[in-house]
Amino acid sequence: SEQPSPEIHYTTDGSDPGPASSLYEAPLPLTETTTVRAAIFYEGRMTGTPSEKTVYIHKATGKKVIYDIPFSNRYKAYGDRTLANGIRGGGAFDDGQWQGFEGTDMDVVIDLGSEMDITSVSSSYMASVGSWIFLPRSVTYSTSTDGSTFTPVYESQTDIAPEDQGSRIKEYPASFPAVTARYVKVHARGQITCPPWHAGAGGKAWLFCDEIIVE
């Protein structure tokens, strides 16, 4: 808020905050996926409209992300904390939650810290063709116990042609029988260059990802 000491009330049950809702005084510890709704109050009345954010708590939240291909410094978001920070991006690629890879694939490994059973992985990507941002050509998930030998558990080819992608967010969810792993690898094959029909034909295409969720 632009106010120096606003009175903020919030809820975590999906309801709108009111003057009797919890008063924000310190960071909120979350142990499960939660939608936080908050608003500023003055003399018992809400000023403006509530703000809302869902925080996704999953097995990869806050864990180390290793980049085999570096992200672009132009759209680094929160650096190496971005893809497992529990926050999904919105409809604008420059909202601070989307991480960009220019003219490359995205190839990252999440270190879960210890071996555990996992049954699903998902990641989401943005297309904004007018801004040279395309969906990945394919997405592959692999798992490993040692960080060296990876076994693929999912691969999906994007079924939307680049010229039809427009502006959208597409999630690539995968569910599978439980596997024991410490490391989860996500490889998204980028468009690399803009197609011949595009205004930026031959220029470097962008690949944008916001969050990798492991359950």
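The shown structure was predicted, so the numbers you read here are calculated from the model rather than taken from an experiment.
The closest side-chain donor-acceptor pair between Thr35 and Thr54 falls under 3.5 angstrom. Residues Gln157 and Glu155 have side chains that bring a donor and an acceptor to within less than 3.5 angstrom of each other. Remark: the Glu215 side chain and the Ser120 side chain contain no N/O donor-acceptor pair separated by less than 3.5 Å.
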Evaluate Arg182 against Glu115 for salt bridge (Lys or Arg N to Asp or Glu O under 4.0 Å), listing each step before the verdict. CA-CA 4 Å; Arg182 172 173 172 172; Glu115 291 186 9; over 6 Å; no
Take Phe150 and Val109 through the test side-chain contact (heavy atoms from CB on, under 4.5 Å) and record every step on the way to the result. CA-CA 10 Å; Phe150 284 84; Val109 175; 4.0 Å; yes
Quick one, Leu83 with Cys209, criterion side-chain contact (heavy atoms from CB on, under 4.5 Å). Give me CA distance, side-chain angles, the key distance, then yes/no. CA-CA 7 Å; Leu83 299 182; Cys209 183; 4.0 Å; yes
Step by step, work out the side-chain contact (heavy atoms from CB on, under 4.5 Å) result for Ser124 and Ile169. CA-CA 7 Å; Ser124 52; Ile169 295 172; 4.3 Å; yes
Decide yes or no on side-chain contact (heavy atoms from CB on, under 4.5 Å) for Arg189 and Thr140, but give the supporting numbers first. CA-CA 9 Å; Arg189 295 175 61 234; Thr140 303; over 6 Å; no
Start with the C-alpha gap between Lys185 and Asp107, add the side-chain angles, then the distance that decides, and say whether salt bridge (Lys or Arg N to Asp or Glu O under 4.0 Å) holds. CA-CA 7 Å; Lys185 185 180 183 70; Asp107 197 358; 3.0 Å; yes
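Screening Val139, Val186, Asp68 for a side chain to side chain contact (heavy atoms under 4.5 Å, CB included) involving Met106 leaves a single residue, Val186.
Looking at heavy atoms from C-beta onward, Tyr24 lies in side-chain contact with Pro27 at the 4.5 angstrom threshold. Looking only at side-chain heavy atoms (C-beta outward), Thr193 and Gln191 stay at 4.5 Å or farther from each other. A heavy-atom distance below 4.5 Å is found between the side chains of Val55 and Ile57. Using a 4.5 Å cut-off on side-chain heavy atoms (C-beta onward), Glu52 and Val36 make no contact.
When ring centroids are compared, Trp206 and Phe93 stay outside the 6.0 Å threshold. Two rings, from Tyr125 and Tyr172, have their centers less than 6.0 Å apart.
Side-chain N or O atoms of His58 include none that pairs as donor or acceptor with a backbone N or O of Thr33 at under 3.5 Å. Counting only distance, with no hydrogens or angles, the side chain of Thr61 and the backbone of Lys59 share no donor-acceptor pair below 3.5 Å. Counting only distance, with no hydrogens or angles, the side chain of Gln97 and the backbone of Ala77 share no donor-acceptor pair below 3.5 Å. With hydrogens and angles ignored, the 3.5 Å screen pairs no side-chain donor or acceptor of Thr104 with any backbone N or O of Phe101. Between the side chain of Asp146 and the backbone N or O of Thr149, at least one donor-acceptor pair lies under 3.5 Å. Of the possible polar contacts, none joining the Ser131 side chain to the Ile133 backbone as a donor-acceptor pair under 3.5 Å is found.
Linking ILVMFWY residues whenever their side-chain heavy atoms come closer than 4.5 Å, directly or via other members, places Met116 and Ile110 in the same cluster. When hydrophobic clusters are built by joining Ile, Leu, Val, Met, Phe, Trp and Tyr residues whose side-chain heavy atoms come closer than 4.5 Å, directly or via intermediates, Tyr75 is not grouped with Ile69. Residues Ile212 and Val179 share a hydrophobic cluster, clusters being chains of Ile/Leu/Val/Met/Phe/Trp/Tyr side chains in contact below 4.5 Å. Residues Tyr67 and Val184 fall within the same hydrophobic cluster, defined by Ile, Leu, Val, Met, Phe, Trp and Tyr side chains chained together at heavy-atom separations under 4.5 Å. By the rule that hydrophobic residues join a cluster once side-chain heavy atoms approach within less than 4.5 Å of another member, Leu30 and Ile87 end up as members of one cluster.
Within a 6.0 Å sphere centred on CZ of Arg168, other residues, nucleotides and ligands contribute more than 12 heavy atoms. Taking a 6.0 Å sphere around NZ of Lys63, one finds it holds more than 12 heavy atoms contributed by other residues, nucleotides or ligands. Other residues, nucleotides and ligands place more than 12 heavy atoms under 6.0 Å from the CD atom of Gln3. Residue-environment remark: OH (Tyr42) stays at or below the threshold of 12 foreign heavy atoms within 6.0 Å.
Atom OH in Tyr183 sits 4.5 Å away from atom CG in Asp111 (nearest 0.5 Å). For the atom pair CD (Gln99) and NZ (Lys76), the distance works out to 10.5 Å, reported to the nearest 0.5 Å. Atoms CG and CD1, on Leu112 and Ile118 in that order, are 6.5 Å from each other to the nearest 0.5 Å. Rounded to the nearest 0.5 angstrom, Ser128 OG and Phe208 CZ are separated by 9.0 Å. Atom CG of Asp164 sits about 11.0 Å away from atom CG of Leu135, to the nearest 0.5 Å. The structure places CG of Leu23 at 8.0 Å from OH of Tyr10, a figure rounded to the nearest 0.5 Å.
Using cut-offs of 30° and 60° for the angle between ring planes, the Tyr141 and Tyr154 rings count as parallel.
Closest approach of Pro195 to Pro162, counting heavy atoms only: CG-CB, 4.3 Å. What you find for Pro17 and Thr11 is that their closest heavy atoms are CA-CG2, 3.7 Å. Pairing each heavy atom of Ser144 with each of Gly147, the nearest pair is OG-N, 2.8 Å. Nearest heavy atoms, Ser142 versus Pro152: OG-CA, 3.5 Å. Across all non-hydrogen atoms, the minimal contact from Asp13 to Ser15 is OD1-OG, 2.6 Å. Leu207 approaches Gly190 most closely through the heavy-atom pair CD2-CA, 4.3 Å.
By the side chain to side chain donor-acceptor pair (under 3.5 Å) test, Thr180 is found to be paired with Asp117, residues two or more places apart in sequence or in another chain being considered. Contacts of Asp105 classified as side chain to side chain donor-acceptor pair (under 3.5 Å), with partners at least two apart in sequence or in another chain: His187.
The existence of a salt bridge linking Glu211 and Arg88 is excluded, since no basic side-chain nitrogen approaches an acidic carboxylate oxygen closer than 4.0 Å.
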